[in-house]
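Encoded as structure tokens, the structure appears first; notes follow it.
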Amino acid sequence: MVEEIWLSLDQAVPCGLIVNELLANSLKDAFSHGQCGTVGLELHVGPPGKLTLKVWDNGVGFPPNDLGTAYASLGLELVHDLVRQLQGIAVTESNPSVRVTITFPQDLALVRLSAE
């Protein structure tokens, strides 16, 4: 679910790149051998003045004890650099599926972003 939320252009671009990278990773790595599954995306207003972006799947997840190694990929390094650009915090969980939750402050110079 994606709420109608207003983002500044400086936030909309990094958010789009983050979503693209995380969804591509899910579609590429989460499901093997033609396995079916679910990929999800949520964007909503969290605590006052903050936005929360979640990207998740119910696939195979990271191998046990491999969560730290997963950050070594160029794509996930890019995601974490973009999160820093948003002045946000990212939490990655793999149990066994993967969920990335990013919380960042909502900018005041806003552009309309809608699920339409």
*Grab the two heavy atoms, one from Leu7 and one from Ala12, that are nearest each other, plus how far apart they are.*
CD1-CA, 4.0 Å
*Rounded to the nearest 0.5 Å, how far apart are NZ of Lys50 and CD of Gln87?*
9.0 Å
*asked:* Rounded at 0.5 Å granularity, tell me how far CD1 in Ile102 sits from CG in Leu82.
replied: 8.5 Å
*Count the heavy atoms of every other residue, nucleotide or ligand shown that sit under 6.0 Å from CD of Gln35, and state whether that count exceeds 12.*
yes
*Minimum heavy-atom distance between Val45 and Ile5, given as atom pair plus value*: N-CD1, 4.0 Å
*Counting heavy atoms not belonging to Ile89, are there more than 12 under 6.0 Å from its CD1?*
no
Compile the donor-acceptor pairs under 3.5 Å between side chains in residues 13-25 and protein atoms, sequence neighbours left out, one pair per line.
none

*Examine distances only and state if a side-chain atom of Gln106 and a backbone atom of Trp6 form a donor-acceptor pair shorter than 3.5 Å.*
yes
*Go through the structure and list residues passing side-chain hydrogen bond (donor to acceptor under 3.5 Å, both in side chains) with Asp81, not counting sequence neighbours.*
Arg84
Please set out all donor-acceptor pairs under 3.5 angstrom arising from side-chain atoms of residues 51-62, sequence neighbours excluded.
{"from": "Asp57", "atom 1": "OD1", "to": "Gly59", "atom 2": "N", "distance (Å)": "2.9"}
{"from": "Asp57", "atom 1": "OD2", "to": "Ser26", "atom 2": "OG", "distance (Å)": "2.8"}
{"from": "Asn58", "atom 1": "OD1", "to": "Thr38", "atom 2": "N", "distance (Å)": "2.7"}

*List the atom of Val39, the atom of Phe31, and the distance in Å for their closest heavy-atom pair.*
CG2-CE1, 3.8 Å
